[in-house]
Undergrad: 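I'd like to ask you about the structure that follows.
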Protein chains: 2
Amino acid sequence: MYRPQIKVLDCTIRDGGLINDHQFEDKFVHAIFKALSDAGVDIIELGYKASDKILSPDKFGKWKFCKESHIKKILEGIETKAEFSAMLDIGRIKNDEIPKKKDSVIDIMRVACYIKDVDKAIELVKHVADKGYKTTVNIMAVSTALQPDIEEGLAQLAEAPLNAVYVVDSFGSLFSEQVHFLVNLYKKYLHPKGIEVGYHGHNNQQLGFGNTIEAIRKGANYVDATIYGIGRAAGNCPLELLLAFLKNPKFNLEPILEVIEKEFLPLRKKIEWGYILPYMITGILNQHPRAAMALRQTKDKNKVADFYRKLTAEEEDA
Amino acid sequence: MYRPQIKVLDCTIRDGGLINDHQFEDKFVHAIFKALSDAGVDIIELGYKASDKILSPDKFGKWKFCKESHIKKILEGIETKAEFSAMLDIGRIKNDEIPKKKDSVIDIMRVACYIKDVDKAIELVKHVADKGYKTTVNIMAVSTALQPDIEEGLAQLAEAPLNAVYVVDSFGSLFSEQVHFLVNLYKKYLHPKGIEVGYHGHNNQQLGFGNTIEAIRKGANYVDATIYGIGRAAGNCPLELLLAFLKNPKFNLEPILEVIEKEFLPLRKKIEWGYILPYMITGILNQHPRAAMALRQTKDKNKVADFYRKLTAEEEDA
């Protein structure tokens, strides 16, 4: 019933931290990493690895920087078979600030980029691969890229020292046939070089989980999820649904349900994510959620029809 | 880009009414039917057509009975191109309580049944077809039926005077490949007789919309949805997502967004539906949501890990 090659990566703290500048309490983060370990998740994403000279530790919490000392402290008392990953944004870290793999808890460095920045991403990938890390590239906002540009990028990525390249539905706008098209296109370039295809969905149209299933059906073996779907704006593919779907006996759903009950139901009353209509509207219009995120900070947060009229009028002006 | 044959049926009041025994205020119901008409939805389901001698009007609101006088009153001032439907439960209405089509606002009678009750459903279908109505059969809980039973039922239904037969994912447990299997199976028996396939999803695994897309991809032309996904337990495929996906220029999203803003956001604070974990748990276990609905009425409503352990222990005892 299950495909043993599939690797589930949880990015609860990394993507969820985009809601609150990674200002999570240590107790919360420890409980998450413990639950993920107990659940048998393959890869736990700790956060971003950014430079504290480029981004301010006054503004951002620990998991924007992923310092080795902080990682070791938070993992105390947790036994795990999981690998650990961190995400690198281009331009937010200097090469000499990244330790060698032998001096790091991190196993996998994931480089996020837009298709136009593939060359920069490959430089960074080569650097971290040389330092001993496994690597992935996550091509963001691929729903707004033209096929020749995607193909040119994939042809270059196929020559890089990579474990996986992700389809990232940044705006939560893709439908199943588009997921099929993209996963097949990625496979064509990457599989001959032994590089896996990954999928990272967003939930603006309630398709985060459904499209992840479609990516898996077409051969994606790296799939991202977050506990209770936490993540910026509409959030992500919910981990609890994905684990139940995959049916691999190594996964255990109970620790995830426990931590949702204890940590996420209370948290959801303080910070918001999920199927909230302004995010649905940016999703159906294939736009970044920033206009919706701005709206949610105003007294008009629920004026969804006006918001829709405004965005579609802007489309007509384009 | 769009398939003109697809008929969108909204069952907001009918399925949403399962949450509150159809105790909606007239003003609310009028606003819903007005918005659906303005949005260009093909079929508006008014409610159930049950007997007030079998079910008590003291317990249930108007839309459990769909009396002609009530329908006419609520539709005053609404201009519409939509057809109207009502759902019939076997044993909850007597034949002589159903008026002839020429004396009714209702165009389509939808008979709901389990696969074991197909013979009773066909008797009722023949009766209402003789009275001049269009007809459908909605086979509930098909995720728990065996293929030979489904095929025997479909072979009989193929000989009945029907416009469509629905795949109903009552427990919200189906995945895309199962939807493909069922829609293809229904098509094999029904399409040669000119009977369409329909799909009615539930949202326990956040697949109400995604699976509806999959049913459409395989040829289902009747699809059910509700505004903001309202419906018993986890609710249904959200109409606003479906209309945006379908891209038929006859549809207009704005009236639906307006009515969500004015009516559904306030209502959601009074009654609950949607991705609530006990419903997710009954969904992944392919069970009726009744245990989860009972749990939500207790002080342990959020004890999801215990609830999961209880249901899976019952599975082990089976």
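Throughout, a chain's letter reflects where its sequence line sits, starting with A, and its residues are numbered from 1. Everything numeric here is computed off the predicted structure, so don't read it as measured data.
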Undergrad: For B:E177, is it the side chain, the backbone, both or neither that has a heavy atom under 4.5 Å from a heavy atom of chain A?
TA: side chain

Undergrad: Evaluate A:L241 against B:Y275 for side chain to side chain contact (heavy atoms under 4.5 Å, CB included), listing each step before the verdict.
TA: CA-CA 11 Å; A:L241 291 171; B:Y275 185 66; 3.5 Å; yes

Undergrad: Looking at CD1 of B:I213 and CG of A:N211, how far apart are the two atoms once the value is rounded to the nearest 0.5 Å?
TA: 7.5 Å

Undergrad: Under 4.5 Å from any heavy atom of chain A, what part of B:I281 do you find: side chain, backbone, both or neither?
TA: side chain

Undergrad: To the nearest 0.5 Å, how far apart are OG1 in B:T312 and CD in A:E254?
TA: 6.5 Å

Undergrad: Heavy-atom distances under 4.5 Å only: say whether B:K262 touches chain A with side chain, backbone, both or neither.
TA: neither

Undergrad: Distance check, rounded to the nearest 0.5 Å: B:Q205 atom CD versus A:L242 atom CG?
TA: 11.0 Å

Undergrad: Starting at CZ of A:F175, measure out to CZ of B:F209 and round the result to the nearest 0.5 Å.
TA: 5.0 Å

Undergrad: Looking at A:K27, I'd like to know if its NZ atom is crowded, meaning that more than 12 non-hydrogen atoms belonging to other residues, nucleotides or ligands lie closer than 6.0 Å.
TA: no

Undergrad: Mind checking the CZ-CD spacing from B:R309 to A:E258? Nearest 0.5 Å is all I need.
TA: 4.5 Å

Undergrad: Look at atom CD of B:E25 and say whether more than 12 heavy atoms of other residues, nucleotides or ligands are closer to it than 6.0 Å.
TA: no

Undergrad: What's the separation between atom CG in A:L257 and atom CZ in B:F307, rounded to the nearest 0.5 Å?
TA: 11.0 Å

Undergrad: Go through the atoms of B:P238 and report whether side chain, backbone, both or neither lie under 4.5 Å from a heavy atom of chain A.
TA: side chain

Undergrad: Are more than 12 heavy atoms from other residues, nucleotides or ligands located less than 6.0 Å from atom NZ of A:K187?
TA: yes

Undergrad: Answer with side chain, backbone, both or neither: which region of B:K301 has an atom nearer than 4.5 Å to a non-hydrogen atom of chain A?
TA: neither

Undergrad: Any idea which of B:L277, B:D306, B:I284 has the most non-hydrogen atom pairs under 4.5 angstrom with chain A?
TA: B:L277

Undergrad: By a 4.5 Å heavy-atom criterion (distance strictly below it), what part of A:L207 contacts chain B: side chain, backbone, both, or neither?
TA: side chain

Undergrad: Report, as yes or no, whether the 6.0 Å neighbourhood of atom NZ on B:K218 holds more than 12 heavy atoms from other residues, nucleotides or ligands.
TA: yes

Undergrad: A quick test of your reading: do over 12 heavy atoms of other residues, nucleotides or ligands sit less than 6.0 Å from CD of A:E79?
TA: no

Undergrad: How close do A:E261 and B:A305 get, counting heavy atoms only, and between which atoms?
TA: OE1-N, 3.0 Å

